[in-house]
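Reviewing the structure listed below.
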Amino acid sequence: MGLDAPTGSLQTTDETVAEPESTTETRAGTEPESIALEARDLDVYYGDDQALQSIDMEIPEGEVTALIGPSGCGKSTFLRCINRMNDLIDIARVDGDLHFNGKNVYDDDVDPVALRRKIGMVFQKPNPFPKSIRDNVAFGLRVQGRDENVDAKVEQALERAALLEEVEDQLDSSGLDLSGGQQQRLCIARAIAPDPEVLLMDEPASALDPIATAKIEELIEELSEEYTVVVVTHNMQQAARISDKTAVFLTGGELVEFDDTEKIFENPEHDRVEDYITGKFG
Amino acid sequence: MPRDEYQRQLRRLREGVLEMSDRVCERLEQALAALETQDENLATAVITGDHAINERYLELEQACIELVALQQPVASDLRVVAASFKIITDLERIADLAVNLAEYARRAERRRYADVDIGYIGERVVEMVEAAMAAYADDDAVGARDVAAEDDEIDRRCESASEFVVRDLLETELEAEIGLTPDALSDEVSRMLLTIRDLERVGDHAVNIAARTLYMVENDDELIY
């Protein structure tokens with residue numbers, strides 16, 4: 001290994017906030033599970049349009065949480081709230097709290113750049129930089145001034161992203177020369193090289209063929225051993241295959257149901273969720 | 001409504017299972033009638049008709065597999081497919097038990113144990129299968145639980161009937177008393193015990209159908225175990 005272990009704290013502009021002991025009981029009531037992220041009464045507006053309504057959700061640590069729902073339901077908006085990517089949209093406004101390690105990420109003293117070091121993101125379309133494979137993966141480390149042992153860290157990130165074996169002889173080739181599936185795994189390696197605690201994935205396999213998709217899905221399961229993974233997907237079977245928890249957002253930005261994935265896909269509580277996942281609407 | 005073809009396939013599956021159960025109950029009633037009346041032609045019809053039940057079973061099994069492979073049902077739809085898949089197996093086995101009963105009817109006359117009320121037990125288990133299938137058709141959890149409750153009474157009657165036959169055997173002084181050779185008595189006793197056992201098993205399959213129906217309707221597995 002050799003990468004720094006997650007510190008469990010969030011660097012703010014002027015202080016380091018200690019990690020609180022936030023836990024909750026599992027549905028089975030057996031072992032308590034740690035909470036990585038907690039939304040409390042979270043509203044998001046784009047201008048006058050409300051995109052998310054009073055979202056309350058506790059995302060467990062070290063598990064895969066899938067966000068599903070029809071187009072326009074707010075699932076990607078919620079994902080982008082987690083590491084404040086919505087800050088980049090002028091008309092976006094966020095009310096309510098989103099806690100990461102016990103600290104509201106929307107507090108004035110939180111530095112979004114520092115936040116994104118802890119909460120990495122992978123997008124729908126692979127977006128490697130027009131640089132070498134090595135420089136793509138090292139990018140985040142160098143931005144953070146973590147220049148020591150970069151080559152070893154690059155290789156470790158590529159290995160964790162299940163890409164090293166395929167590219168170890170061409171680390172100085174352009175990342176753009178890789179196939180679509182390899183490019184996406186390169187982006188995952190780039191996201192995990194700085195050793196975040198949380199990985200956000202916005203439809204990470206929707207642009208890939210079935211074999212590349214299968215590799216990404218397998219990788220997501222492996223990554224959840226070290227990271228908390230939150231993934232938006234339009235593919236319900238994919239959500240069922242890869243996630244531990246599933247959140248169902250429905251039109252109007254409402255989180256209708258959030259539970260163990262088995263429960264959602266075998267016997268959801270809400271008729272609207274049942275109708276959505278069985279294809280009776282949407 | 002989106003996925004119309006998928007919804008049609010689900011409806012066709014349920015209709016197919018109900019149609020198969022109608023045929024199976026009909027076969028079971030014919031086998032019981034053959035036992036009662038020693039109607040060899042009717043018994044033969046039950047035996048030869050089993051092939052059609054097996055074919056229908058395989059068609060419905062394939063329909064379930066195709067729904068899973070091609071439509072990826074979830075939630076209540078998945079439970080319908082899973083329950084149907086199990087229920088057709090129970091129905092096919094009930095049809096096999098009807099064949100057994102028909103074969104007992106063909107083999108010999110019931111003389112000594114005419115008082116054992118096979119007819120009544122038979123009617124009750126047919127009613128149980130019909131009630132379980134009605135619960136399946138109507139998504140009726142209460143009806144499914146009622147079928148399971150009924151089975152205790154069937155078990156008691158079957159046990160009591162078996163005891164009667166065995167006790168009679170133990171107390172019989174064979175040829176001199178009843179005019180039956182040991183072979184004939186042994187054959188009649190074994191036939192009676194097998195008949196009782198098979199009827200009791202039909203009741204068990206009815207409970208299985210009710211259990212899968214309860215799972216289908218309420219995601220409740222209390223009757224499965």
Side-chain angles (χ1 to χ4, degrees), chain A residues 27-29 64-73 75 203 205-206 210 213-214 217 231-251 255-282, chain B residues 1-17 63-87 135-145 208 210-225:
Chain A
R27 196 163 60 91
V64 180
T65 295
L67 311 180
I68 64 172
S71 296
C73 69
K75 57 190 186 295
E203 300 185 51
S206 63
T213 297
E217 290 182 2
V231 55
V232 164
T233 178
H234 270 297
N235 181 333
M236 279 187 283
Q237 279 69 43
Q238 182 174 71
R241 283 193 295 269
I242 65 172
S243 69
D244 303 293
K245 301 268 186 185
T246 296
V248 185
F249 290 78
L250 293 180
T251 309
L255 172 61
V256 180
E257 194 162 340
F258 177 50
D259 210 326
D260 291 344
T261 295
E262 278 181 16
K263 166 80 174 152
I264 294 288
F265 285 97
E266 287 179 15
N267 189 33
E269 287 294 322
H270 295 80
D271 290 344
R272 292 166 65 202
V273 171
E274 167 96 22
D275 287 349
Y276 174 66
I277 65 172
T278 56
K280 293 190 181 71
F281 92 93
Chain B
M1 179 188 293
R3 304 189 73 186
D4 285 345
E5 177 54 27
Y6 164 53
Q7 293 300 328
R8 269 196 293 277
Q9 285 180 30
L10 278 173
R11 270 199 304 279
R12 279 202 296 270
L13 172 65
R14 290 185 75 162
E15 288 163 4
V17 174
C64 291
I65 290 168
E66 282 179 13
L67 269 162
V68 170
L70 305 181
Q71 301 289 357
Q72 289 107 36
V74 295
S76 61
D77 292 348
L78 176 62
R79 297 201 304 275
V80 166
V81 176
S84 300
F85 196 85
K86 296 293 288 186
I87 287 170
Y136 169 83
D138 300 334
D139 290 336
D140 179 4
V142 174
R145 289 195 172 91
N208 289 349
R212 297 297 167 180
T213 296
L214 186 62
Y215 161 76
M216 179 182 85
V217 177
E218 293 191 343
N219 194 46
D220 185 338
D221 57 10
E222 76 168 74
L223 296 179
I224 293 175
Y225 298 106

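Each chain gets a letter, A, B and so on, in the order its sequence line appears, and its residues count up from 1.
Under the 4.5 Å side-chain criterion, counting only non-hydrogen atoms from C-beta, B:Asp77 is in contact with A:Lys280.
Atom CG in A:Asn267 sits 9.5 Å away from atom CD in B:Glu218 (nearest 0.5 Å). Put simply, CG on A:Asp271 and OG on B:Ser76 are 9.0 Å apart, with the number rounded to the nearest 0.5 Å.
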